[in-house]
There are 2 protein chains.
Amino acid sequence: MQDGTFSSLGHLQETRRGNAYARDCPTRQLLDLIGDKWSVLILLLLGEEEVRFSRLKQRIDGISQKMLSQTLKSLERDGLVTRHAVATVPVTVSYRITPLGRELLGALQMMIDWAETRMPYVADAQREFDRRLSIADHREAL
Amino acid sequence: MQDGTFSSLGHLQETRRGNAYARDCPTRQLLDLIGDKWSVLILLLLGEEEVRFSRLKQRIDGISQKMLSQTLKSLERDGLVTRHAVATVPVTVSYRITPLGRELLGALQMMIDWAETRMPYVADAQREFDRRLSIADHREAL
DNA sequence: CCGTATCCAGCATGATACTG
DNA sequence: CAGTATCATGCTGGATACGG
């Protein structure tokens, strides 16, 4: 079904560089990494300072130990944070953001700013949409 | 468990404005909207021009009719795109990005640029991480 | 303290078939 | 052409308990 799409894209100029619409474009790959529930929150915290595991768990509202551990390992694998273990008893582990991670955080800043100023408008649009929908549903029920 | 977090954040200065670490911060709300599999790809296409449903389906590699319909309705509900139906037979429907959606696209541009230039480094880091892990696993098996 | 294993519920996505 | 309904499925995230 899509083979034709791919080959026709070989010599295209879709305005943006590269094939931005393939399901495996870099943007989607990135969203697969950070589009989850906790990654960005963790990166934001680590962007300020090195933080210990237990402190992260305290400061991130509602995260489970499992998800914190899992997300940190993921971020470490992606080269966005580093893990530093000190062999005390019990062991002490802290995490730092990498230069690559810090760069990403910078690239996300405009998005974060947009979210903080514009999400209220999105919420308005959603309410309006739902209101119209419920009216339409009501008519339909006649 | 997290109530203390919230109240203590009342008079904080966590570097970034607002409580960026709550699970319902605007940034996470935004990621809930566009962190899915298709939203950004659709927005990018609509950012160039008004596009018909069938054309979107052709151009977005691998999307199902259900997911296209569902994602478009979601974006419409969020106020990021608008739907325009023409009562031909059969009906003709096209979608346009809204000013709010275009603004979001602008805010995403740095992230998109970062993804296109830096995702290779992420891929490198992942390979390196997996390589070391397999070595460790191998030792462990002795 | 930090991390993992297990089990489980809910949701996101997809295949397919059907309708106006 | 555009969209919905149904059903199946894999994955994400959460609860809990255990281990180093």
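When reading the values below, keep in mind they use all heavy atoms of this one structure, side chains included, and skip hydrogens, waters and symmetry mates. These figures come from a predicted structure and were not determined experimentally. Protein chains get the first letters and strands the later ones, always in sequence-line order, with residue 1 at the start of each.
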Under the 3.5 Å rule, do the base of C:dG14 and the side chain of B:K66 count as making a donor-acceptor pair?
-> yes
Hey, is A:D130 close enough to B:R77 for a salt bridge, meaning N to O under 4.0 Å?
-> yes
With the threshold set at 4.0 Å, does a side-chain nitrogen-carboxylate oxygen contact exist between A:D124 and A:R127?
-> yes
Can you check the [X] [atom1] to [N] [atom2] distance for me, whole Å?
{"X": "A:I42", "N": "D:dG13", "atom1": "CD1", "atom2": "P", "answer": "11 Å"}
{"X": "A:K37", "N": "C:dC11", "atom1": "NZ", "atom2": "P", "answer": "11 Å"}
{"X": "A:I63", "N": "D:dT16", "atom1": "CD1", "atom2": "C1'", "answer": "17 Å"}
{"X": "A:L68", "N": "D:dG14", "atom1": "CG", "atom2": "P", "answer": "11 Å"}
{"X": "B:R28", "N": "D:dT12", "atom1": "CZ", "atom2": "C1'", "answer": "12 Å"}
{"X": "B:D36", "N": "D:dG10", "atom1": "CG", "atom2": "C1'", "answer": "17 Å"}
{"X": "A:K57", "N": "C:dC1", "atom1": "NZ", "atom2": "C1'", "answer": "12 Å"}
{"X": "A:K73", "N": "C:dC2", "atom1": "NZ", "atom2": "P", "answer": "16 Å"}

Comparing nearest nucleotides in DNA chain D, the 5'-proximal residue of the pair A:Q70, B:Y95 is B:Y95
May I ask you to evaluate whether [X] reaches the phosphate of [N], defined as a side-chain N or O under 4.0 Å from OP1 or OP2?
{"X": "B:R83", "N": "D:dG3", "result": "yes"}
{"X": "A:T88", "N": "C:dC1", "result": "no"}
{"X": "B:S69", "N": "D:dT4", "result": "yes"}
{"X": "A:R52", "N": "C:dC2", "result": "yes"}

Are A:E76 and A:L72 close enough that some pair of their side-chain heavy atoms sits under 4.5 Å apart?
-> no
How about A:E50 and A:L46: do any of their side-chain heavy atoms sit closer than 4.5 Å?
-> no
Check every atom of C:dG14, D:dA17, D:dG20 against the side chain of A:Q65 and return the nucleotide holding the closest atom.
-> D:dA17
Paired with B:W114, the side chain to side chain contact (heavy atoms under 4.5 Å, CB included) test is passed by just one of A:L105, A:L100, A:L108, namely A:L100
